[in-house]
Amino acid sequence: MSQDTKLTKAEKIKWFMTVLVPVLIYLIPTNDLYTTDMRLFLVITVAAILLVAFELIDIIISSIFMLFAYTLTGIAPASVAFQGFTASSTFLVLGCLVLVAVLDESGVLERISYWCMIRFGNSFKGILWGIFFAGLITSAMTMGNSFALIAAFAYGIIRALRLEGSKAASAIGLVAAVSTVAVRGFIYAPMLIAVQVAQSQSILGETFHLNWYNVLVNNWPIILSVVVTIWLITKMYKPEGAISGRDYFVEQYEKLGAMKVKEKKTLFVLLLIIIWMLLDPILPVSSDYALILLPWLCFFPFIDVGHSDTLKKVSFSTVFFVPACFGIGNVATSLGMGQMIADMVMPVATQAGSVGVLAVVYALTVLLNFLMTPYAIHACMTVPFMNIALQMGIDPYAINFMLMHGSDMVLMPYEYTPYLVVFAFGMIKMTEFMKVMAVKMLVTTAVLFAIIVPYWGILGLY
């Protein structure tokens, strides 16, 4: 919200919608199926989500008020609403954010990015592919969390090449977004899947979890949609004159000098995390704890890479929002909303078959993107979707993967925070963002149902 105490016209509209929509929900008559508690739950939840979506107040404030509203109104006990604060997934997200902050602090990610650009930056098309490879590598290193870094990196390229306000700038920004966010479809990204995994565990038990191996093995062909989207961007956006940034990239890389001790120490910690993740199938302790615990080693005296200022880079708003979304799902489940949705969808789903169920899950997730964040969708919909899947003989992994892919299908940046972060740098015009995201949605949907879903059938996921 604007720093001035006087609201802008846009802020007034947002506040009006934030009040109007919950009021309209409250005016819907209740019945035996749509109970008073369900109505109150929707009023509280929708109001909180709109506050977050419109960025009217900080996520932490909205999260706290929402959870306490659940308990103060009596629709759920505190043990249900606040259960997310004791979930390991919450600390998994915190560990990922700390790791990203440390990697950024050490300069490792910047070095890798310039290294990629030197090898591809001889032309505008090469710059776009260089950003793609830089985004892909750093996303793998940060467990899907390098979008802010690559966005800043791309913005620096635009400034250095004096491309501000041009379609070429939009192309660079769009590639930065796709190469760091869309790749989460096959790169293990705990922050994206934390809530849906926790909701799945409420039905399947604590032994169920997703790791880098099953995410990659079951979804690697989706990289085709990412590559095709990047290729289409190179065709859609052609600069008027020749653009080469190799000299700039070489200069910046040389400024970094030889690899520093803190970079080597950070890579050592990252290597420990990777080894733990690779050994996950044979170790008695889940590799989730590698991300929960090991990033903090960087703050110990014998490594001493991170410090108090490093922690200031961690988005604690996101950390609070994760258990808040757990609360949404837990309260919805306790009120029976999950079963209600399952009962409504089940008659259609059983006639559509296993592939039809997966298509329904995907379509509903895409539609809900317009109203809810991925965390909120996963919190509310994982349990009912999982109940349907179990009755249909569909593997829980398939439902989790479809939720994961559906969450990435957006048309506007507000629908998904990582895209919003990249968009906020001002590189991309809204019309260009929507156009390319629509193309990406069509390409990804085609690859998903023409290649991935049949591939899941071969693997026995349905």
Side-chain angles (χ1 to χ4, degrees), residues 91-119 121 130-157 159-160 176 179-181 183-184 187-191 212 248-278 287-319 418 421-422 425:
F91 294 93
L92 176 64
V93 170
L94 176 59
C96 284
L97 292 172
V98 170
L99 176 63
V100 172
V102 171
L103 286 169
D104 184 35
E105 182 80 22
S106 69
V108 170
L109 300 180
E110 185 180 15
R111 182 179 296 276
I112 291 172
S113 298
Y114 282 124
W115 183 88
C116 291
M117 297 307 298
I118 289 172
R119 281 145 185 81
I131 292 173
F132 164 68
F133 283 108
L136 180 64
I137 295 170
T138 56
S139 290
M141 291 177 64
T142 60
M143 318 302 165
N145 290 286
S146 68
F147 49 89
L149 170 89
I150 296 299
F153 179 73
Y155 181 69
I157 293 173
R159 292 287 299 274
S179 63
T180 55
V181 186
V183 295
R184 288 174 161 197
I187 285 178
Y188 179 59
M191 283 185 62
W212 70 272
Y248 166 75
F249 301 132
V250 170
E251 179 185 349
Q252 295 301 312
Y253 187 81
E254 289 177 349
K255 284 182 179 179
L256 296 176
M259 183 172 284
K260 301 173 180 63
V261 174
K262 66 177 182 180
E263 293 180 69
K264 295 178 181 178
K265 289 181 178 179
T266 306
L267 286 174
F268 171 73
V269 173
L270 182 62
L271 180 62
L272 292 179
I273 293 173
I274 292 172
I275 291 173
W276 193 337
M277 293 174 68
L278 291 173
S287 61
D288 287 351
Y289 287 95
L291 289 167
I292 292 173
L293 299 174
L294 295 188
W296 300 101
L297 289 178
C298 295
F299 295 83
F300 279 64
F302 54 88
I303 295 182
D304 197 27
V305 175
H307 43 77
S308 58
D309 286 339
T310 307
L311 292 177
K312 293 178 182 178
K313 297 180 180 180
V314 176
S315 174
F316 287 97
S317 294
T318 301
V319 177
V421 170
V422 178
F425 278 83

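In what follows, every heavy atom counts, from backbone to side chain, and hydrogens, waters and symmetry copies are set aside. Nothing here was measured: the structure is a model prediction, and the numbers come from that model.
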**Student:** More than 12 non-hydrogen atoms from neighbouring residues, nucleotides or ligands closer than 6.0 Å to CZ on R159, yes or no?
**Tutor:**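 Not more than 12 within 6.0 Å, no.
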**Student:** Does some side-chain heavy atom of I118 sit less than 4.5 Å from a side-chain heavy atom of Y248?
**Tutor:**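 Y248 does not reach I118 side chain to side chain.
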**Student:** Quick check against the 3.5 Å criterion: does D104 have a side-chain atom that pairs as donor or acceptor with the backbone of A101?
**Tutor:**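 Checking the backbone N and O of A101 against the side chain of D104, no donor-acceptor pair under 3.5 Å is found.
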**Student:** Looking only at side-chain N and O atoms, does S139 offer a donor or acceptor that is under 3.5 Å from a partner on S146?
**Tutor:**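 Yes, because at least one side-chain N or O of S146 sits under 3.5 Å from a partner of the opposite role on S139.
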**Student:** I'd like to know if the side chain of E110 reaches the main chain of G107, judged simply by a donor and an acceptor atom lying under 3.5 Å from each other, with no hydrogens or angles considered.
**Tutor:**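 Between the backbone of G107 and the side chain of E110 there is no qualifying donor-acceptor contact (under 3.5 Å).
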**Student:** Hey, is the main chain of V305 close enough, under 3.5 Å, to the side chain of K262 for a donor-acceptor pair?
**Tutor:**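 The answer is no, because no donor-acceptor pair under 3.5 Å joins these two groups.
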**Student:** Would the number of heavy atoms belonging to other residues, nucleotides or ligands and lying under 6.0 Å from CZ of F299 be above 12?
**Tutor:**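 Atom CZ in F299 is packed in, count exceeds 12.
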**Student:** Please step through side-chain contact (heavy atoms from CB on, under 4.5 Å) for the pair I273 and M143, ending with a clear verdict.
**Tutor:** CA-CA 11 Å; I273 293 173; M143 318 302 165; 4.0 Å; yes
**Student:** Check whether any side-chain N or O of R184 sits under 3.5 Å from a backbone N or O of A189 as a donor-acceptor pair, and report yes or no.
**Tutor:**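 No.
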**Student:** Could you tell me whether a side-chain N or O of R111 sits under 3.5 Å from a main-chain N or O of G257, the two making a donor and an acceptor?
**Tutor:**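 Side chain of R111 to backbone of G257, a donor-acceptor pair under 3.5 Å: yes, one is there.
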**Student:** Looking at F316, I'd like to know if its CZ atom is crowded, meaning that more than 12 non-hydrogen atoms belonging to other residues, nucleotides or ligands lie closer than 6.0 Å.
**Tutor:**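 Atom CZ in F316 is packed in, count exceeds 12.
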**Student:** Hey, does I150 have a side-chain heavy atom less than 4.5 Å from the side chain of S113?
**Tutor:**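 Heavy-atom side-chain distance check passes, below 4.5 Å.
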